[in-house]
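The next block holds one structure in the form of structure tokens; read it before the comments.
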Amino acid sequence: MQNKEVHLKKLINNPEMVVREELEGVALAHGDLVKVNYDPNFVYRADAPTQGKVAVISGGGSGHEPMHGGFVGYSMLDAACPGAVFTSPTPDQMYEAAKKVDGGAGVLYIVKNYTGDVMNFEMAADLLKAEDIPVESVLVDDDVAVQNSTWTAGRRGVGTTVLMEKIVGGAAEAGYSLEKLAELARKVNANGRSMGMALTSCTVPHVGKPTFELGEDEMEIGIGIHGEPGRTRMKLQSADQIVEMLVEPIVADLPFKGGDNVLAFVNSMGGTPLVELYIVYRKMAEILKGKGINITRNLVGPYITSLEMAGASITLLKLDDEMTKFWDAPVQTPGLRWGR
Amino acid sequence: MQNKEVHLKKLINNPEMVVREELEGVALAHGDLVKVNYDPNFVYRADAPTQGKVAVISGGGSGHEPMHGGFVGYSMLDAACPGAVFTSPTPDQMYEAAKKVDGGAGVLYIVKNYTGDVMNFEMAADLLKAEDIPVESVLVDDDVAVQNSTWTAGRRGVGTTVLMEKIVGGAAEAGYSLEKLAELARKVNANGRSMGMALTSCTVPHVGKPTFELGEDEMEIGIGIHGEPGRTRMKLQSADQIVEMLVEPIVADLPFKGGDNVLAFVNSMGGTPLVELYIVYRKMAEILKGKGINITRNLVGPYITSLEMAGASITLLKLDDEMTKFWDAPVQTPGLRWGR
Amino acid sequence: MAVDRQQVVQWIQAYAAAIRENRDYLTQLDAAIGDADHGANMDRGFQAVLGKLPTVADKDIGAILKTVGMTLVSTVGGAGGPLYGTLFMQAGQAEAGKTEMTDQDVVALFEAALKGVIVRGKAEPGDKTMVDTLTPAVNALKEAVDGGAPLDEALKQAMTAAEEGMKGTIPLVARKGRASYLGERSAGHQDPGATSSYLLVKTAAETL
Amino acid sequence: MAVDRQQVVQWIQAYAAAIRENRDYLTQLDAAIGDADHGANMDRGFQAVLGKLPTVADKDIGAILKTVGMTLVSTVGGAGGPLYGTLFMQAGQAEAGKTEMTDQDVVALFEAALKGVIVRGKAEPGDKTMVDTLTPAVNALKEAVDGGAPLDEALKQAMTAAEEGMKGTIPLVARKGRASYLGERSAGHQDPGATSSYLLVKTAAETL
Ligand SMILES: Nc1ncnc2c1ncn2[C@@H]1O[C@H](COP(=O)(O)OP(=O)(O)O)[C@@H](O)[C@H]1O
Ligand SMILES: Nc1ncnc2c1ncn2[C@@H]1O[C@H](COP(=O)(O)OP(=O)(O)O)[C@@H](O)[C@H]1O
Ligand SMILES: [Mg+2]
Ligand SMILES: [Mg+2]
Ligand SMILES: [Mg+2]
Ligand SMILES: [Mg+2]
């Protein structure tokens with residue numbers, strides 16, 4: 001590695017070793033909370049399996065940290081399966097992870113709606129079913145930037161995933177059955193909507209050049225978390241104008257209505273610092289207030305990222321008592337923690 | 001604002017309004033934990049003052065979020081005073097903040113060692129003293145990139161500040177007197193050492209162009225959190241080589257020795273995502289292990305940033321039982337939270 | 001003339017070589033309408049397959065193809081992994097226990113392969129996927145063999161049909177996979193999976 | 001000839017105008033060896049001062065100068081805020097209650113101002129700060145007034161000394177403030193604070 005010419009503005013050694021070395025770092029830093037299995041790669045709770053508890057497992061391409069590995073721990077995920085950067089993980093990862101953390105009450109797979117993720121999780125579920133291990137898969141497809149339709153791949157799964165992992169993890173910890181848990185997870189998905197935007201592209205380490213080109217004065221509205229194109233590319237606008245372009249389609253889609261209680265999640269795509277997220281939050285809160293929508297819970301920070309991409313996304317989740325209760329439940333993971 | 005041409009890849013409205021609008025966002029998002037006073041600007045605990053508790057107050061230029069405003073809350077800061085971006089706050093901020101949160105047991109100012117910060121806090125302290133309010137100021141000057149000497153401005157205050165705010169905040173919550181608290185704070189500073197590096201520059205909103213120029217294949221070792229020049233500018237290297245260049249001077253400086261227990265803090269300068277921080281952590285842990293230094297606590301993430309600058313810093317703090325105890329104490333702030 | 005297991009191994013090796021050779025091209029195609037990883041993903045998978053082949057070269061054709069499939073499943077990732085993995089696993093299923101294949105067995109292999117892809121991905125012809133290459137190829141192969149053509153001739157016709165199918169994806173609007181997010185913007189680009197599937201048929205024509 | 005409070009107000013106004021005019025220049029100097037904000041900081045402060053001046057123009061000179069100082073302290077920030085704030089507050093202290101100043105009063109004003117800067121910043125001549133401008137200027141002023149020169153002549157000499165002091169900071173290695181982090185690399189650049197201090201003396205020579 002010492003001789004390889006370094007040409008990316010990234011703190012990495014070998015582009016091919018990024019995920020492996022990151023996992024080693026996670027294991028070293030958070031050994032009290034999680035363990036890491038290599039080949040196949042997955043992060044799992046240090047105290048797994050929890051007997052009698054449904055095992056909640058998620059996964060997806062790497063590059064979205066802290067999601068998913070950072071959300072393994074008490075009251076959230078039992079295991080997370082990281083693929084190569086921006087590439088879905090393989091069935092052996094999800095299968096072996098399930099075998100490791102299964103506490104005898106079944107397995108819930110949380111799957112973001114990308115063709116690759118869906119098929120790989122499906123193959124893993126087939127393997128579990130062949131061994132009579134009860135398994136349910138729940139899709140997240142909350143991105144309003146993509147027009148939904150039954151004859152395409154459908155909407156992408158984005159910000160609601162983070163909220164689902166927390167809420168469902170809390171309910172699993174509280175003893176929900178697999179069936180009830182899957183029902184809750186689908187309710188979260190049904191009530192969550194997101195949209196993101198990018199100010200800059202990002203560079204996948206092993207690709208070595210930006211995923212897409214964006215002019216010095218341009219931005220992409222409706223960006224996907226792998227740099228997929230959005231709804232429109234346009235000239236840069238003020239934060240307030242951008243927030244409007246994100247919030248209005250989200251609100252119109254569900255639709256969110258006056259009197260609704262929502263969890264408002266303002267997320268950084270990775271390269272956008274906190275100070276800007278609060279400027280986004282400010283305008284979002286103003287718009288929602290104008291519509292009579294109450295923000296009763298919130299989350300602000302980089303939780304579902306796209307490497308170093310600059311930009312932000314907004315997720316709104318319409319809450320009820322059940323979702324609120326499990327959002328509030330104590331959680332202890334490397335990436336999200338409160339109450340213990 | 002609508003008509004002003006937007007030319008920065010930032011989610012902002014008006015460069016002159018960044019701090020104000022960010023504070024409004026913070027107030028909206030975290031009203032359960034903190035309140036914001038405007039003109040003079042400071043963030044303070046929603047339940048302030050805590051009678052009989054020493055008030056811990058910090059402050060500095062904006063652009064380092066979550067530091068300091070994100071660290072206001074239970075068991076950390078009572079108030080934080082944000083200046084303009086990268087510009088130290090003014091005495092009226094620290095004075096008014098102290099008046100607001102003083103619980104009758106005195107005020108501890110945590111000051112990063114920059115001429116401007118030192119003098120502005122000093123003037124605020126003079127105002128308090130004139131009113132017979134007991135006040136102690138503690139300097140943080142932990143940056144080993146800058147050669148220390150008594151006839152210069154001395155070392156800069158960087159990563160140890162975050163750790164000090166947590167540890168001292170915990171001790172204040174536990175009832176430490178002002179005198180004991182100042183002593184503990186000075187112990188933290190005496191045992192903490194940091195060094196950072198930048199892969200890219202950052203752009204102060206009201207300046208509108210990068211703080212410094214860095215070639216496509218260059219990095220700056222020993223960077224300051226306001227983009228101050230470091231020890232050397234050189235060609236990009238692998239993460240492992242960079243970590244060596246940061247860890248070795250830190251260890252040599254205190255010096256940290258075999259058998260020492262340390263809190264290891266790997267920090268993002270803002271634009272560098274978590275995945276890279278774990279690659280940094282991995283190598284840092286390897287080097288420290290080789291020296292027989294035990295990492296008994298850690299922190300990984302963007303906690304003391306420089307806007308969207310890409311890069312990272314490492315802070316090591318030699319722990320004893322007292323520091324460990326107050327590091328572990330429950331904390332509830334927007335930016336750091338555990339145990340409640 | 002029967003096809004023996006050594007030829008099957010040669011086919012896989014030839015395909016692995018073709019993928020390596022076209023790695024950047026496939027990735028480039030994927031960059032236009034996907035996420036620029038199809039070449040890298042497939043290459044990673046087939047390099048792993050090459051490593052596994054010697055350990056199964058003396059097994060039956062079904063076992064060889066299944067091993068290829070399982071290796072792909074666990075190394076490729078993305079959509080390509082399950083699709084090509086299932087393709088080879090189903091092909092292996094169809095040839096279970098065989099150490100030689102008749103021409104009709106070869107037809108059965110490709111039919112099972114295509115069916116596997118369709119069951120896994122639920123794509124139809126016209127969705128701008130590998131199905132657009134494989135469907136006409138399998139049809140041409142079956143028609144030619146059923147019509148009495150020798151296998152090498154039949155595979156050549158399959159290859160021609162595959163190439164047409166591949167090129168036919170250019171004007172299509174994607175309705176499956178990552179490219180579908182682009183909507184109308186996906187038209188005008190050749191589908192990367194359709195392209196890698198063409199290479200699969202082409203190398204079959206060269207080796208079986 | 002006595003200096004009245006109207007002249008003092010004119011001085012402050014002239015200085016505010018000079019800062020505005022040199023805003024970018026000061027910032028540019030600070031970019032080279034500091035953090036590129038000295039011009040913006042000082043301008044923000046003096047714009048605030050201009051807003052405050054009408055409310056104190058009929059107070060005594062001490063009160064006017066103190067108000068300038070306190071306004072600067074709460075609006076400039078950085079190192080410049082406390083330094084220039086203290087400068088004017090101490091100057092105001094020296095002129096407390098006065099509505100006119102004798103030549104010796106003007107000397108006392110500048111002596112107090114310099115002393116305030118030194119107490120606040122603990123810099124010595126040669127550290128590459130505003131002290132390098134103010135020290136020779138105050139010395140020249142005092143010498144000239146003590147030697148019997150008329151005030152305008154004495155202030156002109158102070159201005160010349162200030163300019164020399166300012167230019168003298170170019171070869172110096174900074175030992176105070178942000179520029180000191182640069183070590184040897186700070187040599188070869190004129191200090192921004194020394195430059196803004198020169199403008200202070202220059203506008204005094206033009207108005208008092
Ligand atoms: N549902 C599907 N059915 C058949 N083929 C598909 C389907 N979805 C995607 N594909 C094929 O997969 C190819 C992309 O593969 P690859 O790039 O490896 O996966 P990913 O899209 O996950 O990055 C597409 O070009 C297309 O031919
Ligand atoms: N200790 C000090 N004593 C006197 N002047 C100082 C001292 N430190 C800095 N200065 C002056 O302050 C100027 C910088 O002011 P400014 O840019 O407003 O503050 P900051 O350095 O905090 O950004 C320097 O050019 C120098 O003349
Ligand atoms: Mg992919
Ligand atoms: Mg400054
Ligand atoms: Mg792809
Ligand atoms: Mg400055």
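Heavy atoms only: backbone and side chains are in, while hydrogens, waters and symmetry mates are out. Labels below follow one simple rule: chain letters A, B, ... track the order of the sequence lines, proteins then strands, and each chain is numbered from 1.
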### 4.5 Å side-chain heavy-atom contact, C:Leu83 and A:Met119
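They are in contact (side-chain heavy atoms under 4.5 Å apart), so the answer is yes.
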Heavy-atom side-chain proximity of C:Asp35 to A:Thr211 below 4.5 angstrom: no
What are the two closest non-hydrogen atoms of [X] and [Y], and how far apart are they?
X        : Y        : answer
C:Gly177 : A:Ala153 : O-CB, 3.7 Å
A:Thr90  : C:Ser74  : OG1-O, 3.5 Å
C:Val73  : A:Asn120 : O-OD1, 4.3 Å

Would you indicate whether [X], at its atom [atom1], is surrounded by more than 12 heavy atoms from other residues, nucleotides or ligands within a distance under 6.0 Å?
X        : atom1 : value
C:Glu143 : CD    : no
C:Gln6   : CD    : no
A:Lys209 : NZ    : no
C:Met70  : CE    : no
C:Lys202 : NZ    : no

If I measure from the heavy atoms of chain C, does [X] come under 4.5 Å with its side chain, its backbone, both, or neither?
X        : value
A:Pro91  : both
A:Tyr114 : both
A:Asp92  : side chain
A:Asn113 : backbone

C:Asp24 meets the side-chain contact (heavy atoms from CB on, under 4.5 Å) criterion, sequence neighbours left out, with none
Counting only non-hydrogen atoms closer than 4.5 Å, does C:Thr27 touch chain A with its backbone (N, CA, C, O), its side chain (CB onward), both, or neither?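 Neither part.
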Next on the checklist: Let me confirm one number: the OH-OG1 distance from C:Tyr181 to A:Thr115, rounded to the nearest 0.5 Å.
Outcome noted: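 One gets 5.5 Å once the value is rounded to the nearest 0.5 Å.
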Original post:
Measuring from C:Arg178:CZ to A:Arg156:CZ, what's the distance to the nearest 0.5 Å?
Top reply: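 Going from CZ on C:Arg178 over to CZ on A:Arg156, the span is 9.5 Å.
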Checklist entry - Passes side-chain contact (heavy atoms from CB on, under 4.5 Å), A:Met123 versus C:Met89? Steps please. => result CA-CA 12 Å; A:Met123 294 187 84; C:Met89 289 198 296; 3.4 Å; yes
Legend entry - Interface residues of residues 221-233 of chain A facing chain C - non-hydrogen atoms under 4.5 Å apart: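 A:His226, A:Glu228, A:Pro229, A:Gly230, A:Arg231 fall under the 4.5 Å cut-off.
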Per-residue tally against chain A (heavy atom, under 4.5 Å) across C:Gly81, C:Pro82, C:Ala79, C:Ala40 peaks at C:Pro82
